[in-house]
Amino acid sequence: EPEVTQTPSHQVTQMGQEVILRCVPISNHLYFYWYRQILGQKVEFLVSFYNNEISEKSEIFDDQFSVERPDGSNFTLKIRSTKLEDSAMYFCASQKAGSNTEAFFGQGTRLTVV
Amino acid sequence: KNEVEQSPQNLTAQEGEFITINCSYSVGISALHWLQQHPGGGIVSLFMLSSGKKKHGRLIATINIQEKHSSLHITASHPRDSAVYICAVKKGTGTASKLTFGTGTRLQVTL
């Protein structure tokens, strides 16, 4: 069964460093999302992406964040200068075209900023 | 106030019990998802529904659009059902509409 793949599963980085979280969405999906979950809190929307541009972004998704689909298969989330409060589980999701189609989630990347 | 509220927050059941988890939302939605999150953190989609009822194995999900309420039922619960169950709603009608999540219900099923 096709699945969304995220790498790495766990990343530890020093405060101020740049990180790139990678996602390979399901191949015929056209809509892509990043969500995050701070430990003990609910999942929060970060950004949605379609047709090579951002469709919607939340207040969390400030200038330190960027997304890219560099090669038609990967979908990346970059955090330019990480802060302690960026420590969270980051989930990628993808969805195929059509109204009310289901979103499929990756297993997540646990980012720890020290 | 959260747009998506779940109850209970925590639930302990004995193996074999019938379990109900509730989700109420305060906004108009186009679809509601039930998701499962295991201790490792990964999220698995269980159901997406916009009306009526869906069944998959021992899991049943219902939604009442007029009352803005959904329930997830687990029949003949088993310790492997232990996980966090999350309700999430899609507010917009466009495909790219984001999901808004509830805080989850932590279920533990004991022998």
Side-chain angles (χ1 to χ4, degrees), chain A residues 1-6 9-10 23 26 29-61 67 87-112, chain B residues 1-7 9-10 21 23-25 27-52 54 56 59 61 63 65 70 83-106:
Chain A
E1 187 174 323
E3 59 181 19
V4 177
T5 306
Q6 289 186 242
S9 55
H10 190 186
C23 170
I26 294 172
H29 286 192
L30 299 178
Y31 296 85
F32 313 111
Y33 308 83
W34 283 102
Y35 293 88
R36 80 169 186 192
Q37 185 180 34
I38 294 170
L39 187 65
Q41 298 185 21
K42 63 181 180 179
V43 178
E44 303 171 288
F45 168 76
L46 289 178
V47 65
S48 58
F49 191 86
Y50 168 70
N51 201 25
N52 281 323
E53 60 183 27
I54 290 173
S55 306
E56 185 179 0
K57 59 183 181 179
S58 71
E59 290 175 355
I60 303 165
F61 194 88
V67 288
S87 295
M89 192 77 150
Y90 288 81
F91 293 102
C92 172
S94 71
Q95 192 174 349
K96 62 182 178 183
S99 58
N100 274 347
T101 54
E102 192 172 356
F104 290 82
F105 286 81
Q107 289 299 299
T109 293
R110 185 171 299 282
L111 176 66
T112 303
Chain B
K1 187 182 185 301
N2 289 327
E3 292 178 319
V4 182
E5 299 274 4
Q6 288 185 236
S7 64
Q9 285 190 306
N10 295 283
I21 298 170
C23 175
S24 295
Y25 51 92
V27 294
I29 67 168
S30 57
L32 182 144
H33 293 246
W34 281 103
L35 307 150
Q36 182 190 56
Q37 186 173 33
H38 276 283
I43 291 176
V44 174
S45 180
L46 298 174
F47 294 104
M48 185 187 74
L49 62 166
S50 52
S51 65
K54 286 190 177 180
H56 182 68
L59 301 178
I63 188 167
I65 296 293
S70 176
V84 176
Y85 292 84
I86 304 172
C87 170
V89 301
K90 182 176 167 187
K91 292 192 283 187
T93 54
T95 305
S97 298
K98 65 188 183 197
L99 293 177
T100 299
F101 289 73
T103 52
T105 294
R106 184 175 301 276

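Throughout, protein chains are lettered first and strands after them, A, B, ... in sequence-line order, and every chain is numbered starting at 1. Small disclaimer: the values here were computed from a predicted structure and weren't measured. The figures that follow rest on heavy atoms only: side chains count, while hydrogens, waters and symmetry mates do not.
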Please determine which of Thr103(B), Ile43(B), Leu35(B) meets the side chain to side chain contact (heavy atoms under 4.5 Å, CB included) test together with Val43(A).
->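 Testing Val43(A) for a side chain to side chain contact (heavy atoms under 4.5 Å, CB included) against Thr103(B), Ile43(B), Leu35(B) leaves exactly one candidate, Ile43(B).
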
His33(B), part contacting chain A, at a heavy-atom distance under 4.5 Å |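 Just its side chain gets close to chain A.
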
Polar side-chain atom of Tyr35(A) near backbone of Leu99(B) as donor-acceptor pair, under 3.5 Å =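 Yes, Tyr35(A) side chain to Leu99(B) backbone: donor-acceptor pair under 3.5 Å.
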
Check whether Gln6(A) gets within reach of chain B through its side chain, its backbone, both or neither, counting any heavy atom under 4.5 Å.
->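 Neither part; nothing is under 4.5 Å.
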
List in chain and number order the residues that pass ring-ring contact (aromatic ring centres under 6.0 Å, His included) with Phe91(A), two or more places apart in sequence or in another chain; answer none if no residue qualifies.
->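 Result, ring-ring contact (aromatic ring centres under 6.0 Å, His included) vs Phe91(A): none returned.
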
Minimum heavy-atom separation for Ser45(B) to Ala103(A), with atom names?
->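 Distance-wise, the nearest heavy atoms are CB-O, 4.1 Å.
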
Identify the two heavy atoms, one from Gln37(A) and one from Gln37(B), that lie closest to each other, and give their separation to 0.1 Å.
->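 Heavy atoms of Gln37(A) and Gln37(B) come nearest at OE1-NE2, 2.8 Å.
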
Please collect all salt bridge (Lys or Arg N to Asp or Glu O under 4.0 Å) contacts where either partner lies in residues 33-54 of chain A, sequence neighbours excluded, each pair once.
->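 Counting only pairs at least two positions apart or across chains, the salt bridge (Lys or Arg N to Asp or Glu O under 4.0 Å) contacts touching residues 33-54 of chain A are Arg36(A)-Glu44(A).
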
